[in-house]
Structures are given as C-alpha cells and as structure tokens.
Protein chains: 2
Amino acid sequence: ASKDWEAKAWERLHAQIRPRDSLGRLEVIAARLAAIKRSLTPAVGRKIIFTMAGDHGVAAEGVSAYPQEVTAQMVGSFVRGWASINILAVHCGAAVRVVDCGVASDLPPDWPVLRRKLGKGTANIAVGPAMSREVAVRGLTIGAEIVQDAHLKEGYLLFGTGDMGIGNTTPSTAIIAALGGKPVRDLTGRGTGIDDVAFERKVRVIERALAVNRPDPNDPLGVLAGVGGFEIAALGGAVLGAAALRVPIICDGFIATAGALVACRLAPKAADYLFVSHRSREVGHTAMVDMLGMRPILDLDMRLGEGTGSALAMNIVEAAAKVLVECKTFEEAGVTDTGH
Amino acid sequence: ASKDWEAKAWERLHAQIRPRDSLGRLEVIAARLAAIKRSLTPAVGRKIIFTMAGDHGVAAEGVSAYPQEVTAQMVGSFVRGWASINILAVHCGAAVRVVDCGVASDLPPDWPVLRRKLGKGTANIAVGPAMSREVAVRGLTIGAEIVQDAHLKEGYLLFGTGDMGIGNTTPSTAIIAALGGKPVRDLTGRGTGIDDVAFERKVRVIERALAVNRPDPNDPLGVLAGVGGFEIAALGGAVLGAAALRVPIICDGFIATAGALVACRLAPKAADYLFVSHRSREVGHTAMVDMLGMRPILDLDMRLGEGTGSALAMNIVEAAAKVLVECKTFEEAGVTDTGH
C-alpha cells in the first residue's frame, strides 16, 4: 500500500466539513483504501464473498457438536440461498461464491460450487500432519487464483472471506497456538457449542496435534500443513492473491482470520490489504487479531463464520470509501473552518 | 414491546441453520424488533433520519471550537447533500430530514427544512434556564409529531436521530451530570476539538449551569428546560413519538443519546423501542449508555453527530430483521440439528 496516497487521503478527510477525525475509524478505513488503490476515489464497486468449505479428519476425535455430514449439508444450503451468509450478502450487495476445498463427501454435480477439492477431508492432526507441504501450497494457490479470476475476469473490487467446515475451530486454534506460543487452553473456545467434557477433549486433542506435528512458528507453511485445513489454506491464499492484485480483502471470524494470519506470516506486506471484519466470540480470536496488530471493524458477539462478518463489514468499508470521495470540503461548501 | 413475540422470535432464531446464538447481538436485535413490531416478519422497509438543528446561548462562553454561524452553514450543507450524513444515509438507503428546532439565524426560505423554530438559540445555561418548561414540552411535542407524520403519512418504518448545533455537547454533558450525579469533569469531552484552556472553561461553565439551574434528577423535564437545548428536546420527543407508535428508533451519538435519555426518564418504557447506534468517543457517552442499560451497536471511535452513527447502524438493524425472516430452519433445510 502507498503511504503517499494515504497521506493525500488524510489531507482530504481533514479538509471535509466535520471536526477533525470525528468519523474515527471510518476515516482510518478510507485512508487505508486510498493507500491500497493508490487513488482518492477508491471505488468499492462489485463485492464478493468466498465461502471456503472443507472437512477435517480431527472431527473423528469428537471436537465438534455437529457431525461431519453437516459441512456438505450447509454447502447445499449456501447454494440454495437459505443460510445466514446468503441473506447478509444479498443485504450488503455482495455475491457469494462457495468453494469446495475438500469436503469429505462428493457434492452433487448440479450444485454451483467451485470444485477445488484437495482431498476428502484432511488427515487427523491429532495423529499426524493435516496435509503435505505440497498440498498446502496448492491450497494457497487455489485461494489466490480464485480471487484473481474474480478480479480480472469479473471486475470484483472488494473481497470477503468465510468458512464452512465441521471441526475447523480445532485446527484454527492449533495454528495460533503454533504461531503465537500461548497455552492451548487459553486459546480454545466452544466452537459450535460443545459441553465441558468435549471442551477438555478438544484442548487435549489440540495439545496432541502440536506434540505430534511439532510445528515451527518460523515456518508458517509447515504450520498450515501440519495443523491446518484445506479451506484454511485457501482462505490464506485469498489474502495473498488480493494483496498481489492490490485489492482490499476483508476476513471473517476465527477460521478465516487463522488463514489470514498464515498469509501475513508468509508475506507480511499482505496485511496492508487486509481488514478484519469483526471480533469473534471465539476466545482465541482476540489473540489472532493482536498478532495481526489489527482492530476488527465490528464487535457483535458473532461466532458463525460462513462470511457473515465479512458481509456486514463490507457495508462499513464501502461507506468509508464513499465519505472520502463524496463529502465536500470546508472550502467547497463555504463552511467556516477552524482546523479543529 | 411484547415479551411473547420476543420469545417466538428466539424460538425461530434458535431453529435456524446455525449454531445456537452464533449471530450474537444480531439475533438480539432481531428478537427486539419482533417484540416491537409484534411480528415474526418485522420488515424494516423505508428508513429516515431526522437531523435536529438548534443553537445554544452557552456558545457565548467559548465552549466550542467553532463559531455559532456554523450551525446554519452545516444545515445548508445538509440540504444540498454535501455532508457526511447525506453520504452515509444514501449509502444505507435512508432519507434525511433536517429540522430547524431553533437555529440562531433565519434560514433561507428555499431550503427544504422542517421549520419548527422554538427560538433563535436557547438562553445561556450558565446564567439561567435554557428555556421555559412550556417550551421544553413544545420541543418534545415537535419531535413526536415529526416521527408520527413520517410514519402515518409516509410509511417510514425505521427512524434514526441526529443533531447539529454548535456548543451542544455542553448542554448534553450538563444533562447527564444532572441525571446521573457524576462529577462534571469526568463526563466532559473535547466536543468538536477544544484545547486545554477551553476544556477547563467548558467544565466550569457546566458546573455553573448546574449551580444556577439546580436541576432535579427526578424531574427530567426540568433538567431539559434548565440545561438542555431545543434540538435535544426534539430528539427526546422523537423517541417518545416512536415508542407511542411502536416503531423502532435508533439514536445517534452524544447529543441524540442525551435526548433519548431524557425521553426514557420521562417514559421508561420508551427504551423498549430504542437502539443506540454507536459508542461515541465523547467521554460522557458511555455514562449515558450505562444509564440507559444498553450496549451500542457500533464502536468506531466516531463523535460527529448529524445522524451518521444512526445511518450506519440502520444497516445492521435491517440485516438482523432479514436474518429472522429469511434464514431457513434446520427442518426446512434438511440439515442435521444437534440443538447446540
């Protein structure tokens, strides 16, 4: 992102008819968009959310409240427009594209999903690596290629990410534990809603995954291959792809932020193009956000995934762009300015 | 608001295809809308923001960074569509209606504003009451009548409030100090951006206003008349009017929340119909929100007013309504439910 364009944006924002900085983080977002797009008119235009789906071998350890079949069932709901993400995306004017990164079952051929299966669910991280390093690279590449196609072939100008995958808070928690070095217990949440017994099991499973795979915090690709997931790889790749294209991307909650974190460890400058949509109620999310050095746009106690936070945050990001472009300056409007 | 309809809404929200409570406060908003509208399809439909403008005699004490003429200049910008509120309201699909509740100067006759002048600015609260009790009642009535007309004659289904008035953080701070009994210094902020000297002056002016007017915390009308403002009265009246019509209303930041607080002290049940749009960076706002027992929808470090927070929050409120109405249940979608 361009510091010059960011400075130009601040000059215009401060000249607009309101007290200095009185739109707070909306102005920070606007200045970041200007830096990303190297423009004082960073039009948001067409918006799209990528909901990356994948299954997890670790689900066999009983870490989720839901059976694995629900991943495919929810993908079916997404393609029919029945789920929370569909409603919120329509509301915010964004398209939804569902990507099968590795759902365990074969999805019906008539479902309009991007078919990028890396396998029928990852291997169980509690007993070995989720995938090989080569597959992890393929997962990253898939995510990057999907955003590239959407931008270059279809003209999408703002991306959002989202996830679907029963059991995927477990690898996401393992990723931050591996990258951040905090105790697993402090980072582990209740996911879709597990009880105390299942929670204790989940903590032990993640501790075992770390003990078995011994991920090196200085090797983010190894962390992703060892304790990650197919959709998490694609979620990270989407961030890398967006950054390479200089297009802003908004990541959803716990799982999508785990992918974004891997991306930013692989390529720290990718963070310039990333916005965190909301603060998830999953306890480990705040640790992730702190590791990214970012503050989420929304804080609504959400913990769903699917891209629901990205959809709601897109509205705020688009609003910020419009303020920068459209609000008059004191001089233009003939309003007395005191520079405060 | 209806507890029965709220319970029915929770039943439907919990049956929808996502883990229980995973949309967090979005679901809380949806359930509140169902309670307000006594319906499981609480359509938001047409949305309007009332930007109430007024001047303040206390501006003569040097409590603002801007001269009083800016109130009328900004009203001119609102009617021309040049200001932050115009851009955000268009973005969120809401109309903006500007109300002259008591701007000090005569506004040009061709400006499309609702003309409800209660005076050419209030009297200086540092030396006596802002207005008589009779005028305060008229101010409340004006606000209530405006929302009533918009609902009954024009079919608006969601209201937002906003303010414009140079100096109006001073009476708003005096109102919470009077109603909440906290020390003025802890509730006083920098408004549009005053320096240390002006800040100390502002604290002393508010303390003087309280000493001179001796507002009784158990007499909210007396508080409003003594240390309030014309636009603050109308902002309170809008909340009372919305509650009487059983229509949801979203209040903006510091000044609009002060008006809403007066309304809820006059008629506590009005709070059932009220949403607080955002947490203002004005220090006293959190005290107000705590007194209302509410949590703001957004927290973006904004402190502008005009209705800008209401516009952004409208998008979230509308999204909540759509989730309740449109998202399928586990049964409807054929997704395996575990009730978690």
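This is a predicted model, so every value here is computed, not measured. Note on naming: letters A, B, ... go to the chains in the order of the sequence lines (proteins, then strands), and numbering restarts at 1 for each one.
- No other option in A/Glu326, A/Glu306, A/Gln16 has as many heavy-atom pairs under 4.5 Å with chain B as A/Glu326.
- Here the shortest heavy-atom pairing between B/Pro19 and A/Arg303 reads CB-NH1, 4.2 Å.
- Contacts between B/Ile17 and chain A at a heavy-atom distance below 4.5 Å involve backbone atoms as well as side-chain atoms.
- The closest side-chain donor-acceptor pair between A/Ser84 and B/Arg18 falls under 3.5 angstrom.
- Contacts of A/Thr336 classified as side-chain contact (heavy atoms from CB on, under 4.5 Å), with partners at least two apart in sequence or in another chain: B/Pro67, B/Glu69, B/Val70, B/Gln73.
- When all heavy atoms of A/His91 and B/Lys322 are compared, the closest pair comes out as ND1-NZ, 2.9 Å.
- The shortest distance between side-chain heavy atoms of B/Asp337 and A/Tyr66 falls below 4.5 Å.
- Closest non-hydrogen pair, A/Ala333 versus B/Ser77, comes out as CB-OG, 3.7 Å.
- Note on B/Asp299 versus A/Arg279: no salt bridge recorded, every NZ/NE/NH1/NH2 to OD/OE distance being 4.0 Å or above.
- Residue B/Ile29: no heavy atom, backbone or side chain, is found under 4.5 Å from chain A.
- Atom CG in B/Leu298 sits 10.5 Å away from atom CD1 in A/Ile297 (nearest 0.5 Å).
- Listed here is the closest heavy atom pair of A/Asp301 and B/Arg25: OD2-CG, 3.7 Å.
- Heavy-atom distances place both the backbone and the side chain of B/Leu23 under 4.5 Å from chain A.
- Taking both residues in full, the closest heavy atoms of B/Leu88 and A/Ala319 are given as CD2-CB, 3.6 Å, listed atom of the first, atom of the second, then distance.
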